[in-house]
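Chain naming here is simple, since letters A, B, ... match the order of the sequence lines and numbering starts at 1 in each. The shown structure was predicted, so the numbers you read here are calculated from the model rather than taken from an experiment.
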2 protein chains.
Amino acid sequence: MDLINRISSEQNQFSKSERKVAALILHEPEQAIHRSIASLAALAEVSEPTVNRFCRRLGCKGYPDFKLQLAQSLAQGTPFVNRDIEEDDNVDQITQKIFDSTLNALSIARQSLDSRPIAATVEALVGARKIAFFGFGASASVAHDAQNKFARFDTPSVFSDDPLVQRMWAINSEPHDVLVCISHTGRTKALCEIAAIAHDNKATVIGITAPNSPLSENCQLTVSTNVPEDTDQYMPMASRIAQLVLIDAIIAGYTLQRGPKFREKLARVKEGLKGSRYSKQATTK
Amino acid sequence: MDLINRISSEQNQFSKSERKVAALILHEPEQAIHRSIASLAALAEVSEPTVNRFCRRLGCKGYPDFKLQLAQSLAQGTPFVNRDIEEDDNVDQITQKIFDSTLNALSIARQSLDSRPIAATVEALVGARKIAFFGFGASASVAHDAQNKFARFDTPSVFSDDPLVQRMWAINSEPHDVLVCISHTGRTKALCEIAAIAHDNKATVIGITAPNSPLSENCQLTVSTNVPEDTDQYMPMASRIAQLVLIDAIIAGYTLQRGPKFREKLARVKEGLKGSRYSKQATTK
DNA sequence: CTTGTTTTTGTAACTTTACTACATTTAGAC
DNA sequence: GTCTAAATGTAGTAAAGTTACAAAAACAAG
């Protein structure tokens, strides 16, 4: 991964002073490469060794090496740079930055994907008798989306963000039932409980969540998206986008695995949806 | 023209010693950027000021600046490719292709965004008394997600994918109420009806949908994502991702517009959510 | 082929820049 | 509150780059 994106993605690993340096560099990277360590330190209101340590933490040999790598990372004509939103940004800038950081996060997620659990998930879903997608908060809409896709298929599927409904489903689950639990952190208590119940019933519990999290402990399979820390400090953004794309990939795999006859069915479903829409010609004004 | 090409093309303008330096750099440019001026001079069997003069002749401020420019001239990017999924692709290939095509679609969407309706949407939302997010099918989960974000805010908001609930809300809507209608095609009959009702009641109807569609006719504001044809022929994929990111941008704009005090509130909401999660064990800060 | 002039190159002092060792402060754990 | 560990800063040192100037080389004219 290139340096400038690493700076923004590893921001949480930095100390307070180092974060000041990171913010400054992300704000005006073109300017930073022409500064000396002393002037950069002064501007960031930290000491010179702090800047030096910051460079080392990023794997550079020292400050000059850091500048070199930063310059390369800038020259790369990076299609998208991951920079923080500033207080005085206008709407256009904000929009571009949000798109950029999402693109960046997705690109990183793509590179760090492990296809084995994805393949195993596809297998499990193809063999499933019924499928449930559960999640809370932002992950609820991800689960909602996943179920919406599976509604096109012939395997019964449900979505719920209601703990009681989820619990009932988990209690009634059996082997060959699949439960897909979605949670970015993997630490949502309620969801862990549900997963544990389904697991006890020998259902296949799949977690789209963080590895080594309490939730993943209760999952037979864990699929993770290695997304850098979200841009926005208040709510999940890029992480859930990565989850959605991951689910798209799983669905694409599922569709292919089911074979050509299955895809014929899908075409019929699509055709059937037309009745709910205005046709193209009639309404064009 | 970039530096390294200039060095080779202007060789005849250099003096004898300078040519030695040029030859060395053209031979192994990657190595040169990691050398000090002294070591480079020794290697080229010239003096240090000669190297310095050489840099100046190329329009650089000095040797460090020269290294920086050389580094940039060496760097190059790697774009992602948009390829269709083949019948015999394995899961890994499918996953990569889905991610690639989503990245591609997002990147195109970013470039073709018009910030004016986005800014107007932010304005409308900031001034809203209550907000509704409606959509059907795949767009329902997008609406769901949007409402989930707004649940953190102090303006009352609802999500629904139930036509009756939507109709009731629309009938009761008033000026300063905002209705956000989400539909990729903009041709979903049920949603158009709802939009028309709310529009008649002088509510602000915002469409996240296709321009010049039946739905956009009933909207005061239309925000569009110009997404290329979806990869998958059976269900929306990239289009709804673009919608979600667009909504993220709107929310980021909204959050900023509301000012610092508002963001303090958000921090408190986030803090309050911790109770629903298992705490992190002592790993890294 | 000299001698004066210009250009090129190198030497050495100087300035700036970056790094290291250590002291101080701050934050966290008990 | 006290102890411990981490983070940050201070000051000194080493290294790198630049400048001024002198020596050498190249060139031209007598």
Side-chain angles (χ1 to χ4, degrees), chain A residues 3 7 10-25 28-73 229, chain B residues 3 7 10-25 28-73 267 271 274 278-285:
Chain A
L3 191 65
I7 296 174
E10 288 173 28
Q11 268 190 75
N12 49 334
Q13 291 181 31
F14 297 143
S15 69
K16 202 166 54 178
S17 305
E18 284 170 347
R19 252 188 291 261
K20 284 196 220 166
V21 181
L24 199 71
I25 288 165
E28 284 184 307
E30 311 80 5
Q31 216 192 63
I33 59 172
H34 291 115
R35 285 187 174 280
S36 73
I37 193 168
S39 109
L40 189 70
L43 210 73
E45 295 178 318
V46 299
S47 69
E48 297 179 27
T50 299
V51 176
N52 190 282
R53 281 185 285 258
F54 168 81
C55 299
R56 293 245 159 89
R57 190 173 299 253
L58 288 159
C60 300
K61 266 193 72 186
Y63 182 68
D65 184 44
F66 168 80
K67 283 211 294 191
L68 232 50
Q69 291 201 41
L70 187 63
Q72 294 204 319
S73 150
E229 188 65 13
Chain B
L3 192 63
I7 296 174
E10 289 174 29
Q11 268 192 75
N12 46 341
Q13 291 181 30
F14 298 142
S15 72
K16 203 164 57 177
S17 306
E18 282 169 349
R19 251 189 292 261
K20 285 196 219 168
V21 181
L24 198 70
I25 289 165
E28 284 183 307
E30 309 84 5
Q31 218 193 61
I33 59 173
H34 291 115
R35 285 189 174 280
S36 72
I37 191 167
S39 111
L40 189 70
L43 210 73
E45 295 179 314
V46 298
S47 69
E48 297 177 28
T50 299
V51 176
N52 190 283
R53 281 187 284 259
F54 170 80
C55 300
R56 294 243 160 91
R57 190 174 298 255
L58 288 159
C60 299
K61 262 194 74 187
Y63 182 67
D65 184 44
F66 169 79
K67 284 212 294 190
L68 233 50
Q69 292 203 39
L70 187 63
Q72 294 203 319
S73 137
E271 192 64 28
K274 281 190 182 164
Y278 292 114
S279 61
K280 265 196 185 175
Q281 56 261 46
T283 44
T284 40
K285 207 220 124 180

For B:P64 and B:K16, take the nucleotide of DNA chain D holding the closest heavy atom to each; which residue's nucleotide lies nearer the 5' end? B:P64
Return yes if some donor-acceptor pair links the side-chain N/O of B:K67 with the main-chain N/O of B:I37 below 3.5 Å, else return no. no
For a quick test of reading the model: is some side-chain N or O of A:S47 closer than 4.0 Å to OP1 or OP2 of D:dT8? no
Does A:S15 make a side-chain N or O approach to OP1 or OP2 of D:dA6 shorter than 4.0 Å? no
Mind checking what makes side-chain contact (heavy atoms from CB on, under 4.5 Å) contact with B:A38, not counting sequence neighbours? B:S36, B:E48
Figure out the NZ/P separation between A:K67 and C:dC19, and round it to whole Å. 10 Å
Interatomic distance where CG belongs to B:L40 and P belongs to D:dA16 [whole Å]: 13 Å
Nearest-Å distance for atom pair NE2/C1', residues A:H34 and C:dT17: 16 Å
What pairs meet the ring pair (Phe, Tyr, Trp, His ring centres under 6.0 Å) rule with one or both residues in residues 30-60 of chain B, with sequence neighbours excluded? B:F14-B:F54, B:F54-B:F66
Please determine, for the side chain of A:V46, which listed nucleotide (D:dG9, C:dC19, D:dG17) has the closest atom? D:dG9
Rounded to whole Å, the CD1-C1' distance (A:I37 to C:dT16) equals 13 Å
Residues which pass side chain to side chain donor-acceptor pair (under 3.5 Å) with A:T50, listed by chain and number, not counting sequence neighbours: A:S47
d(CD, B:E45; C1', C:dT8) in whole Å: 17 Å
Taking CG from A:D65 and P from C:dA18, how many angstroms apart are they, rounded to a whole number? 12 Å
When rounded to the nearest 0.5 angstrom, what is the spacing between CD in A:Q72 and CG in B:L68? 9.5 Å
Report the residues that fulfil side-chain contact (heavy atoms from CB on, under 4.5 Å) with B:A23, sequence neighbours left out, ordered by chain and then residue number. none
With a 4.0 Å heavy-atom cut-off, tell me which residues in residues 49-63 of chain B come close to DNA chain C, sorted by residue number. B:P49, B:T50, B:R53
In whole Å, what is the span from the CZ atom of A:R19 to the P atom of D:dA7? 11 Å
Among pairs that include at least one residue of residues 53-65 of chain B, which meet salt bridge (charged side-chain N to carboxylate O under 4.0 Å, His left out), considering only residues two or more places apart or in two chains? B:E18-B:R57
How many whole angstroms separate atom CZ of A:F14 from atom P of D:dT8? 12 Å
